[in-house]
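Written out below as structure tokens is the structure these notes cover.
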There are 2 protein chains.
Amino acid sequence: MSQSIPSSRLSVHSSGADGDRRRPNTWQAIRAEVLGRIRSGEWPPGSLIPTEQMLSVEMGCARATVNRALRELADSGIIQRRRKVGTRVAATTSRRTTLSLRVIRDEIEALGATYRHEMTECLTCAPSQAAMQALQLDASERLLLVKSRYLADARPHCCEAIWLHPRLLAMPGGAAADPGLFAAEPPQEWLARSLPVIQGHVSILAEAASGSCAVNLEVEPGTPVMAIERVTLLDGLPVAFARQFYPPRHRLVLGD
Amino acid sequence: MSQSIPSSRLSVHSSGADGDRRRPNTWQAIRAEVLGRIRSGEWPPGSLIPTEQMLSVEMGCARATVNRALRELADSGIIQRRRKVGTRVAATTSRRTTLSLRVIRDEIEALGATYRHEMTECLTCAPSQAAMQALQLDASERLLLVKSRYLADARPHCCEAIWLHPRLLAMPGGAAADPGLFAAEPPQEWLARSLPVIQGHVSILAEAASGSCAVNLEVEPGTPVMAIERVTLLDGLPVAFARQFYPPRHRLVLGD
DNA sequence: AAGTGGTCTAGACCACTAA
DNA sequence: TAGTGGTCTAGACCACTTA
């Protein structure tokens, strides 16, 4: 059976030991080339770059490969693509970075510290103002409020308050039957386990530690803390509203 | 010339008006199907799912399409893929979300507010402790420190302190010649313009407003502020260290 | 050595949109 | 209507990793 050998591939390999790069036709190589031309000023911000067709000819690869490279750059916000118009170098350098939100147990263990969890409160009550807004309900509703804190080598790492909608607790495997469940497993982990793929919104803000938050983090009331708010959706409806607080030393690092 | 007609496509279309979905063979549809099986518990966390080959047969599409779908899920942290081993549903629900960091002018204009910028300080001095660490240099170095604030409808939106390495100012089009440049154009925008594709690190933390930061944001000293720290690299070396502070009301929203 | 994902290719058609 | 990006396909080879 005759193997079909891509000519461009062959010609490159036959040119001998010229290379640091293994194969010049990877989408990563194309991406690097395009990035280089943008960086060098050859394709300044706001300008149109050649079409996929033209680039595939110039770079000696398939259009799909160019497409893959340009799609990655578009996902990073470096270029903008529109049908019929073409591909434009982004005018404003707005970078898109990724943030990995891990379960707190992982966060602590990644530090090489010993993980511990304590439930500090667990009660049924009316929602706070913020919880009402986040969960889109009114004051007549009754929710489960669970407060916890997480320790890394016995030092406070994070504390958390989470409002759980009855709809969530009524789920199969839910905690409706056993209200003491969250003493053993933090609500966040239970949530991650119960809803295999979590959907929702996340936002980050700075706040002054108040009340139980200051106590749990062992800081003075009024100390700045970083708050991560998460609304978890189930079938498109909000069912949990969590606020996690981190002491000032904590740093959220973004990156690929 | 005979056109090659994908049989699966044809058979689907010939089955008549059964569908809300236009085409069932898109990678988005495959992704949704896989996601559904994970959510339903058919493929529980930690389990192996079928190979691309098997899925492509089952779903009646090309393996490349399955690959695209699964790659997207892997990028979101929902599944983990390893050659020879297969594809596994992620055990810990660690979600990866994206954060768009825009230039502050865009941030303010997106609020529908009027943008204004003021340079409050501009001096050459020795680096602070944090700047030394971020820029990997010692106290003998002299840097340009520029402090600015940004106003949205005349209300303080953000303030910024940025340390610039001489190497950066010496660039073509640099500010070495004209130290008053940053009165007209904020350093961050100048940076975005000068370095078309910015590389660097970003981290987020909560701090107490102090000194000029409190003054510029018009808040009491000690007020919690959210700080975004950015180190900008040029040819792999750090050349700028920026700290942007936002008042407590500010909310960083993550999401696609 | 063998199995799995990662990628490239050539060709085709589709979807969107400015002119 | 025409031009551009978006996607699918079938087949092939490569790269990595476990056995």
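Heavy atoms only: backbone and side chains are in, while hydrogens, waters and symmetry mates are out. Letters go in sequence order (proteins before strands), and every chain restarts at 1.
- A donor-acceptor pair shorter than 3.5 Å can be found between the side chains of His157(A) and Glu107(A).
- The nearest whole Å value for the distance from the CZ atom in Arg81(B) to the C1' atom in dT4(C) is 9 Å.
- As judged by a 4.0 angstrom heavy-atom cut-off over every strand, Gln28(A) is placed among residues touching the sugar-phosphate backbone only.
- Note: CG (Leu73(B)) to C1' (dG6(C)) measures 16 Å, nearest angstrom.
- Nearer to the 5' terminus of DNA chain C, by closest-nucleotide assignment, is the contact made by Trp27(A) (compared with the other of Trp27(A) and Arg63(A)).
- Shown here is Glu109(B), whose CD atom has more than 12 heavy atoms of other residues, nucleotides or ligands within 6.0 Å.
- The CD atom of Gln80(A) sits 16 Å away from the C1' atom of dT17(C) (whole-angstrom rounding).
- The aromatic rings of Tyr150(A) and Tyr115(A) sit tilted, their planes meeting at an angle between 30° and 60°.
- Judged by distance alone, with hydrogens and angles left aside, Arg68(B) brings no side-chain donor or acceptor close enough to the base of dG6(D) to form a pair under 3.5 Å.
- Judged by distance alone with a 3.5 Å cut-off, no donor-acceptor contact links the side chain of Arg82(B) to the base of dG3(C).
- In this entry the distance linking CD1 of Ile79(A) with C1' of dG6(D) reads 13 Å, nearest Å.
- At the phosphate of dT9(C), OP1 or OP2 sits under 4.0 Å from a side-chain N or O atom of Asn25(A).
- Across the protein-nucleic acid pair, Leu55(B) atom CG and dG5(C) atom P stand 8 Å apart, rounded to whole Å.
- Distance CD (Glu52(A)) to P (dA12(C)): 17 Å, rounded to an integer number of Å.
- Nearer to the 5' terminus of DNA chain C, by closest-nucleotide assignment, is the contact made by Lys84(B) (compared with the other of Lys84(B) and Ala64(A)).
- When the side-chain nitrogen and oxygen atoms of Asn67(A) are compared with OP1 and OP2 of dG6(D), one or more of them lie within a distance under 4.0 Å.
- Here the C1' atom of nucleotide dG5(C) and the CD atom of Glu72(B) are 16 Å apart, to the nearest Å.
- The side chain of Arg83(B) approaches dG6(C) more closely than any other nucleotide in the set dC16(C), dA10(C), dG6(C).
- Not one side-chain nitrogen or oxygen of Thr51(B) sits closer than 4.0 Å to the OP1 or OP2 atom of dG3(C).
- For Gln28(A), the CD atom is densely surrounded, since the number of other residues' heavy atoms within 6.0 Å is greater than 12.
- At the phosphate of dG5(D), OP1 or OP2 sits under 4.0 Å from a side-chain N or O atom of Thr87(A).
- Nearest heavy atom pair, residue Asn25(B) against residue Met59(B), reads OD1-O, 4.1 Å.
- In this structure, the CD atom of Gln53(B) is 13 Å from the P atom of dT9(D), given to the nearest Å.
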